[in-house]
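Notes follow once the structure below has been shown.
Keep in mind it's a predicted model, so treat the numbers as computed, not measured.
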There are 2 protein chains.
Amino acid sequence: MKVSARSDTAQAAPLPVDLADGVFPAGCPSRTVLDHVTSKWGVLILLALSEGEQRWSDLRRRAEGISEKMLAQTLKTLERDGLVRRDAQPVIPPRVDYSLTDRGYELSALLVPLVAWAFENAEDIVNGQR
Amino acid sequence: MKVSARSDTAQAAPLPVDLADGVFPAGCPSRTVLDHVTSKWGVLILLALSEGEQRWSDLRRRAEGISEKMLAQTLKTLERDGLVRRDAQPVIPPRVDYSLTDRGYELSALLVPLVAWAFENAEDIVNGQR
DNA sequence: CCGCATCCAAGTTGATACTG
DNA sequence: CAGTATCAACTTGGATGCGG
């Protein structure tokens, strides 16, 4: 479905003013949050956890290609942001479960359509470039 | 409308199976697309352009803190991905307008709620870490 | 002047090895 | 199993230069 009236350029500005003013300044907190959330691995981890609680090794396998360092770093950041909850059980061998907080779940609900879009359009996009 | 979300821990898995299988593998195209789209500056540029066509210098000012190099690079990537359209006018002084393609516009529609969420939750999140 | 490619310094990421 | 430490590789950004 085409939205645009002229040629094939999309216009219209459905962007709330306060949002625009709030996100673009360099030092604003939203930049930081966005960076964490849209980081290369952040998206994958949040998405994986949206399926439910998972262990470290599950996540490592799920987010194929992630290094242990980045997994640890990503999880720590998301935990500090209050999006992911860490539940370490004092057993041998150690077992740590990760899950989304309510806020993280809220976020993942917004992430899912984005990822779905990327998935659906990926082939087209990649084919388009030679 | 809220889905359910229990007291403290969010569970449930609203993630389509084919999506999950499609996004997590390392070499899949969706990863690439996601990386472009969720890159540090990609989000900001797409968001800025969702307000309508803009010139290079407008974008440079809008995405505060971006370097010329990263602006050029980001725009080129998004253009190659068919999300941004570049319109160079052969005038002196030179003038180049950037705008979203239909596909880019579609994407920005998904990005806006995400950014809005980040903006609304930013303060809470940043305050939460001591 | 505006748009953008190039070079070099600095920060980020990744593979491997090692500890609790 | 869950993470940390270390070093090498890649990415980012800023200054500079140059064409239109």
Who passes side-chain hydrogen bond (donor to acceptor under 3.5 Å, both in side chains) against [X], sequence neighbours left out?
X	value
A:Arg103	B:Asn121, B:Asp124
B:Trp117	A:Glu106
A:Asp97	A:Gln89, A:Arg95

Inset, instruction - Sugar-phosphate means primed atoms, P, OP1 and OP2; the rest is base. With that split, encode nucleotides 9-15 of chain C 5' to 3' as B, S or - using protein heavy atoms under 4.0 Å. - result: ----BBB
Report which part of the nucleic acid [X] touches: base, sugar-phosphate, or nothing (heavy-atom distance under 4.0 Å, all strands).
X	result
A:Pro94	base
A:Arg60	nothing
A:Arg86	sugar-phosphate

Inset, instruction - On DNA chain D, reading 5' to 3', which nucleotide is the first and which the last to sit with an atom under 4.0 Å from a heavy atom of chain B, could you check? - result: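 Nucleotide range with atoms under 4.0 Å of chain B: D:dT12 to D:dG20.
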Inset, instruction - Check for a donor-acceptor pair, side chain of B:Thr74 on one end and backbone N or O of B:Gly42 on the other, with a separation under 3.5 Å. - result: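 Flag not set: sc B:Thr74 to bb B:Gly42 has no pair under 3.5 Å.
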Let me check something: any side-chain donor-acceptor pairs from residues 109-116 of chain B under 3.5 Å, sequence neighbours excluded? List them with distances.
none

Inset, instruction - Applying side-chain contact (heavy atoms from CB on, under 4.5 Å), name anything that partners A:Thr32, two or more places apart in sequence or on another chain. - result: A:His36
Inset, instruction - With sequence neighbours left out, write down each residue that passes side-chain contact (heavy atoms from CB on, under 4.5 Å) with B:Asp58, or none if nothing qualifies. - result: B:Gln54, B:Arg55, B:Arg61
Inset, instruction - Looking only at side-chain atoms of B:Lys76, point me to the closest of C:dA5, C:dG20, C:dC2. - result: C:dA5
Legend entry - d(CD, B:Gln89; C1', C:dC1) in whole Å: 16 Å
Legend entry - N or O in side chain of B:Trp56 less than 4.0 angstrom from C:dC2 OP1/OP2: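 Checking B:Trp56 against C:dC2: no side-chain N or O falls below 4.0 Å of OP1 or OP2.
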Legend entry - By salt bridge (charged side-chain N to carboxylate O under 4.0 Å, His left out) - contacts of A:Arg86 (at least two apart): none
